[in-house]
Amino acid sequence: MENEETIIALETKLSYLEDFVNQLQKVTVEHTELIENLREENRLMAQKIRDMSDILEGDIPNRKPPHY
């Protein structure tokens, strides 16, 4: 009887652990996708800022040379 109860308790814990790992894996996949999306948005914004900076650079009067 005692061995059977121990096995049932272990199977129950294993079942909960398997469920937890599956949930964790799902969240990890979602976070990975979100991070990739944010990286792409960041790359696009950085490129837009560089483009705007290049456009505005010619409009800055009396700009000091870079060695100052």
With clusters built from Ile, Leu, Val, Met, Phe, Trp and Tyr whose side-chain heavy atoms come within less than 4.5 Å, directly or transitively, what are the remaining members of the cluster of [X], listed by chain and number?
| X | answer |
| --- | --- |
| Phe20 | Leu24 |
| Leu38 | Leu34 |
| Val29 | none |

Taking only residues at least two apart or on different chains, which pairs with a member in residues 4-22 satisfy side chain to side chain donor-acceptor pair (under 3.5 Å)?
Asp19-Gln23
Spatial distance of atom [atom1] ([X]) from atom [atom2] ([Y]) [nearest 0.5 Å]:
| X | Y | atom1 | atom2 | answer |
| --- | --- | --- | --- | --- |
| Gln25 | Thr28 | CD | OG1 | 7.5 Å |
| Asn42 | Ile35 | CG | CD1 | 12.5 Å |
| Leu14 | Ile7 | CG | CD1 | 12.5 Å |

Only pairs at least two apart or in different chains count here, so list each salt bridge (charged side-chain N to carboxylate O under 4.0 Å, His left out) that has a residue in residues 36-47.
Glu36-Arg39, Glu40-Arg43
Got a sec, which residues hit side chain to side chain contact (heavy atoms under 4.5 Å, CB included) with Arg50, two or more places apart in sequence or on another chain?
Ala46, Gln47
